[in-house]
Amino acid sequence: MATIRHWTNQEIVDLIREVSAAKQVKGDNFFAIRAYDNAADAIEHLSDSVEHLYRQGKLADIPGIGVNLQNHLTNLIETGRSTQFDHDKKGLPAGMFILLTIPGIGPKSAYKLAKEFNLNSPATAITKLKVAAQKGKIATIEGFGDKSQADILNALDQQKPKLTRIRIDRATIAANKLMTYFNTCPDIGELSLMGSIRRRSNTVGDIDLGLTTTKPDMVTHYIKKYPDIIKLVASGSDLVRVNVSGNLQIDIKLVPPESWGSLLQHFTGSKAHNIHLRELALTKGVSLSEYGIKTKGKLKRYSSEQEFYQAIGLPWVPPELREDQGEIEAALKHQLPKLIEAKDIHADFHTHTNYDWISSHDSANYSIQDLLDRALELGYHTIGVGDHNPSLSSYTSAQIIVEVKKRSQTIDHISQDAKYQSLHVFKTLEVDIRPDGALALPDQAFDYLDYVVASVHSSFNQPASQLTHRVIKAISHPKVKIIGHPTGRIIGERSGFNLNWEHIFAACREHSVALEINAHPSRLDIDELTARSAITAGVNLAINTDSHQLSDLDNMPYGLDVARRGWSTPASIINTWAWPKLHQFLVNN
DNA sequence: GCCGTTTTCGGCCCGACTGTTTTCAGTCG
């Protein structure tokens, strides 16, 4: 049997853009073309893989994907290709599509060039185009001139490395450093992140930053002295674009104070949110743009986002919700959720230490005391002291029972210190869910633990039904209170495995088990869409750092981002609960 | 092709820049 091609989100995005280009060349319906572009945009900013969503039957949840595109994508995933997409691209020179990657060349230009120079293969198209440009042949084509020929040659010579999307934590560190630098500039008024980093998306393409100033020349001069700049890409009175270390592009937009609200709103996006907002505004007879709100051709500027939203009859919408996932409808009805905030978090339930035993997976590099001290500093009232379960191949069951008992006594002893008086300390372990759903810990060992975090660490390739059954079996164990990193995904490396969420949610409700939002920026598992579904289904969530280094305990905000993007209120997140309720949930039920 | 508390039909976001133009098309964000 021939293997079926697997498609990453980026490959699907590129393919849909190629089909859109083909439709443009063929003169298809303008709005059908735009629908394809919208679909590509939506998939590009998805937090989950298309293939994963397909397996869960949730393709329709992607905004801008209707019945037709669902069918095409299904076809693509099931057979490795789409007959519709193939048909759309048929009859056009195959070499034209690779030209779309050259800045300044869009569908029409790509087609003209490919047709003129017989670019029938993607492999040779670029080289042949370059030769043609060098011979001065591009300038002679109608619609092209000397300047566009030179631009193409220049672009081909640049061959700059493609900027890929980077993890939110890396972008945040770079952004904070830059913000600190800006904070010492006397000519800057307001200063804020914009774009996907402000919406707290789990990956970002570039960093958008906005500021207000009445002295743009002074500020641009100041920006250019920023030590991390590798390349100054563009510099004007209202925009400075730089590349900094870490393959990261930063756009800095400068406006006078009276335009701050409109700028911030426009560049925070998302694109889908803004488009929906502008459509809504049109029904009220006004037109929105990055400059303000136009009524009968007359522009009014806005110095704050609140006023901007208010002007179209909406309450301010938290940036994390601005994905056109129902937030505008909710805002219209004044039913936006009161999102969980950092100050609501009082606990961390899934951690690791350097406790001295042979564990099944990596242990941490700090002590139990270090963990308790840090929990106090973070202002928590509750901390779960965890570790991976002892290695089954290194100990007998009898030994493991003794080891777990000994460890719990150690934790009890340490936590009795007067300085930890205000801290509730839970004795817990992260226990492997074995391929058959059994937990990797002897029955009697559970007696020495308050609760258990159960996680899948092996056999990720089982069919969804088997994985679901396996996780549900773990959920039904009386000591299991949290399922750790439920899908096992690693952002940019491994897509999560497939579970039947409805069954998982039902089991969680029945057994009072929480699903984890793993706050490590490489995991963020479950993602925001699943988190939102879980909450809607009445399932509680726990945000955990799964710390293996002391600094990992500071990752809680990244988990909070996921919770907020998943429309979480404090009530659904057990980290916000007061002690009696928490104790009842984790230990006494 | 998508989508819905004014629509299951009839709409569909806004603006800047650039090059090749005699008033605009293509590209980009």
Side-chain angles (χ1 to χ4, degrees), chain A residues 16-17 19-21 23-25 27-42 44-45 59-73 84-85 88 99-113 138-152 154-155 163 194-196 205-206 208 233-234 236-239 241 249 251 253 259 262-263 265-294 297 299 312-313 324 326 328-335:
Chain A
I16 295 176
R17 295 221 165 101
V19 175
S20 161
K23 286 172 172 290
Q24 287 180 60
V25 171
D28 269 16
N29 181 306
F30 174 79
F31 294 104
I33 292 163
R34 190 149 81 189
Y36 271 61
D37 291 337
N38 290 340
D41 284 345
E44 188 158 47
H45 293 98
L59 281 183
D61 288 3
I62 307 173
I65 304 286
V67 177
N68 287 301
L69 275 165
Q70 276 179 61
N71 287 337
H72 303 334
L73 290 176
Q84 181 61 46
F85 292 168
D88 286 330
L99 305 188
L100 297 170
T101 61
I102 302 169
I105 296 187
K108 300 279 173 74
S109 308
Y111 174 71
K112 268 192 195 172
L113 292 167
I138 290 180
T140 64
I141 306 173
E142 195 186 344
F144 292 83
D146 288 335
K147 183 66 169 66
S148 43
Q149 178 170 267
D151 286 348
I152 289 171
N154 193 31
L163 294 165
M194 309 189 292
S196 53
D206 62 5
D208 292 306
V233 182
S237 61
D238 57 2
L239 169 71
R241 174 173 294 162
Q249 181 169 297
D251 281 2
K253 300 209 167 54
S259 298
S262 315
L263 177 94
Q265 197 289 319
H266 175 82
F267 285 102
T268 295
S270 66
K271 191 176 174 185
H273 173 84
N274 285 355
I275 288 174
H276 191 161
L277 218 53
R278 287 178 208 140
E279 285 169 354
L280 174 72
L282 282 180
T283 67
K284 302 184 177 198
V286 297
S287 162
L288 310 183
S289 78
E290 65 189 277
Y291 303 102
I293 300 180
K294 244 188 234 171
L299 182 74
I312 43 175
D324 196 20
I328 292 173
E329 292 84 349
L332 276 169
K333 290 186 257 178
H334 292 273
Q335 287 175 355

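Chain identifiers are assigned alphabetically (A, B, ...) following the order of the sequence lines, protein sequences preceding nucleic acid strands; residue numbering begins at 1 within each chain. Quick caveat: nothing in here was measured; it's all calculated off a predicted structure. Heavy atoms only: backbone and side chains are in, while hydrogens, waters and symmetry mates are out.
Rounded to an integer number of Å, the gap from A/Glu279 CD to B/dT7 P is 16 Å. The distance from atom CZ of A/Phe30 to atom P of B/dG1 is 15 Å, rounded to the nearest whole Å. Between A/Ile65 atom CD1 and B/dG1 atom P there is a gap of 12 Å when expressed in whole angstrom units. Put simply, CD1 on A/Ile62 is 12 Å from P on B/dC2, counting in whole angstrom units. Rounded to an integer number of Å, the gap from CG of A/Leu239 to C1' of B/dC17 is 13 Å. Rounded to whole angstrom, the span from the CD1 atom of A/Ile16 across to the P atom of B/dG1 amounts to 13 Å. Protein atom CD1 of A/Ile33 is 14 Å distant from nucleotide atom P of B/dC2, rounded to whole Å. To the nearest angstrom, P of B/dG15 lies 15 Å from CG of A/Leu263.
Nucleotide B/dT8 is matched to nothing when pairs are restricted to Watson-Crick or G-U wobble geometry with both distances under 3.5 angstrom.
Ranking B/dG1, B/dG15, B/dT6 by closeness to the A/Tyr291 side chain, first place goes to B/dG15. Nearest to the side chain of A/Ala35, among B/dC2, B/dC12, B/dG15, sits B/dC2.
No side-chain heavy atom of A/Glu279 sits under 4.5 Å from any side-chain heavy atom of A/Leu282. Looking at heavy atoms from C-beta onward, A/Asn274 lies in side-chain contact with A/Gln265 at the 4.5 angstrom threshold. At least one side-chain heavy atom of A/Phe267 sits less than 4.5 Å from a side-chain heavy atom of A/Glu290.
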Let me see the working for A/Glu44 and A/Lys271 under salt bridge (charged side-chain N to carboxylate O under 4.0 Å, His left out), right down to the final yes or no.
CA-CA 12 Å; A/Glu44 188 158 47; A/Lys271 191 176 174 185; over 6 Å; no
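By the salt bridge (Lys or Arg N to Asp or Glu O under 4.0 Å) test, A/Lys108 pairs with no residue at all, sequence neighbours left out. For A/Asp28, the salt bridge (Lys or Arg N to Asp or Glu O under 4.0 Å) test picks out A/Lys23, with sequence neighbours left out.
Comparing A/Val67 and A/Leu288 along DNA chain B, the residue whose closest nucleotide (by nearest heavy atom) sits nearer the 5' end is A/Val67. Residue-to-nucleotide proximity on DNA chain B shows that, of A/Val286 and A/Gly66, the 5′-proximal contact is made by A/Gly66.
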How would you summarise protein contacts on nucleotides 19-29 of chain B per nucleotide, using B for base, S for sugar-phosphate only and - for none, with heavy-atom distances below 4.0 Å?
SS-----SSS-
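Among the protein residues, A/Leu69 comes within range of the sugar-phosphate backbone only, with heavy atoms under 4.0 Å from sugar or phosphate atoms but none that close to a base. Contact annotation for A/Lys294: backbone-only contact, meaning every heavy-atom pair under 4.0 Å involves sugar-phosphate atoms and none involves a base. Nucleic acid contact class of A/Leu282 (heavy atoms, under 4.0 Å, all strands): sugar-phosphate only.
Look at the C1' atom in both B/dG1 and B/dT6: the space between them is 23 Å, to the nearest Å. Distance check on atom C1': B/dG10 versus B/dA16 gives 30 Å, rounded to whole Å. With P as the reference atom, B/dG26 and B/dT21 are 12 Å apart, rounded to whole Å. Using atom P as the reference point in both B/dT20 and B/dC28, the two lie 15 Å apart (nearest Å). Distance noted for atom C1' between B/dC2 and B/dT7: 14 Å (whole Å).
When all heavy atoms of A/Ile65 and A/Ala39 are compared, the closest pair comes out as CD1-CB, 3.7 Å. Pairing each heavy atom of A/Gly313 with each of A/His334, the nearest pair is O-NE2, 4.4 Å.
One finds a side-chain N or O of A/Asn68 lying less than 4.0 angstrom from the OP1 or OP2 phosphate oxygen of B/dC2.
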